Engineer: 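Sharing a structure, written as structure tokens. Questions coming.
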Amino acid sequence: MRNVFLDEPPMAEGFEAWCRNFDIDEQTDIAEGLNYLVKRSIYDGQSVRQLTNNAADVIKRILQDWKNEWVRLEKEEAGPSGCWSCRK
């Protein structure tokens with residue numbers, strides 16, 4: 001299985017950029033689909049621009065949290081010199 005967080009550049013960054021640059025006039029089918037999906041939900045009434053910017057913010061935060069966790073795990077795997085819980 002492909003890891004979308006470790007690709008270079010990460011696929012998640014591409015999705016974030018796509019969300020931020022979403023063109024409602026060019027991607028009318030997707031915009032209509034998004035509006036249909038959120039109908040009668042707490043997101044009903046938000047513009048497609050708000051929805052795509054919110055999605056971009058969330059994926060950016062998830063990617064950064066995941067990268068931080070990955071670095072922590074690499075340090076832990078490095079052994080006792082990088083892992084406090086491994087020390088006796």
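If you read the sequence from its start, that first residue is 1, and numbering goes on from there. Just so it is clear, the model here is predicted, and its values are computed rather than measured.
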Engineer: Less than 4.5 Å apart, side chain to side chain, heavy atoms only: is that true for E32 and N35?
Structural biologist: no
Engineer: Could you check whether atom CD of E74 has more than 12 heavy atoms from other residues, nucleotides or ligands sitting under 6.0 Å from it?
Structural biologist: yes
Engineer: With rounding to the nearest 0.5 angstrom, report the CG to CG distance, N68 to L63.
Structural biologist: 9.5 Å
Engineer: Look at the aromatic rings of W18 and F22 and report parallel, tilted or perpendicular, splitting at 30° and 60°.
Structural biologist: perpendicular
Engineer: Are V48 and I30 linked, directly or through other ILVMFWY residues, by side chains that come within less than 4.5 angstrom of each other?
Structural biologist: yes
Engineer: Any link between I42 and V38 through a network of hydrophobic side chains (Ile, Leu, Val, Met, Phe, Trp, Tyr) touching at under 4.5 Å?
Structural biologist: yes
Engineer: Just by modelled atom types, is the I24 backbone N or O under 3.5 Å from a matching donor or acceptor in the Q27 side chain?
Structural biologist: no
Engineer: Is any side-chain heavy atom of K60 less than 4.5 Å from a side-chain heavy atom of Q64?
Structural biologist: no
Engineer: Would you mind checking if K67 and E13 are paired as a salt bridge, meaning a charged N to carboxylate O distance below 4.0 Å?
Structural biologist: yes
Engineer: Determine whether a donor-acceptor pair (N or O, by modelled atom type, separation under 3.5 Å) exists between the side chain of T52 and the backbone of R49.
Structural biologist: yes
Engineer: Apply side chain to side chain contact (heavy atoms under 4.5 Å, CB included) to the pair V71 and E76, showing each step before the final yes or no.
Structural biologist: CA-CA 9 Å; V71 168; E76 186 176 308; over 6 Å; no
Engineer: In Å and rounded to the nearest 0.5 Å, what is the OH to CG distance from Y36 to D44?
Structural biologist: 12.5 Å
Engineer: Is any side-chain heavy atom of I59 closer than 4.5 Å to a side-chain heavy atom of C19?
Structural biologist: no
Engineer: Working to the nearest 0.5 Å, report the span between CG of N54 and OG of S47.
Structural biologist: 8.5 Å
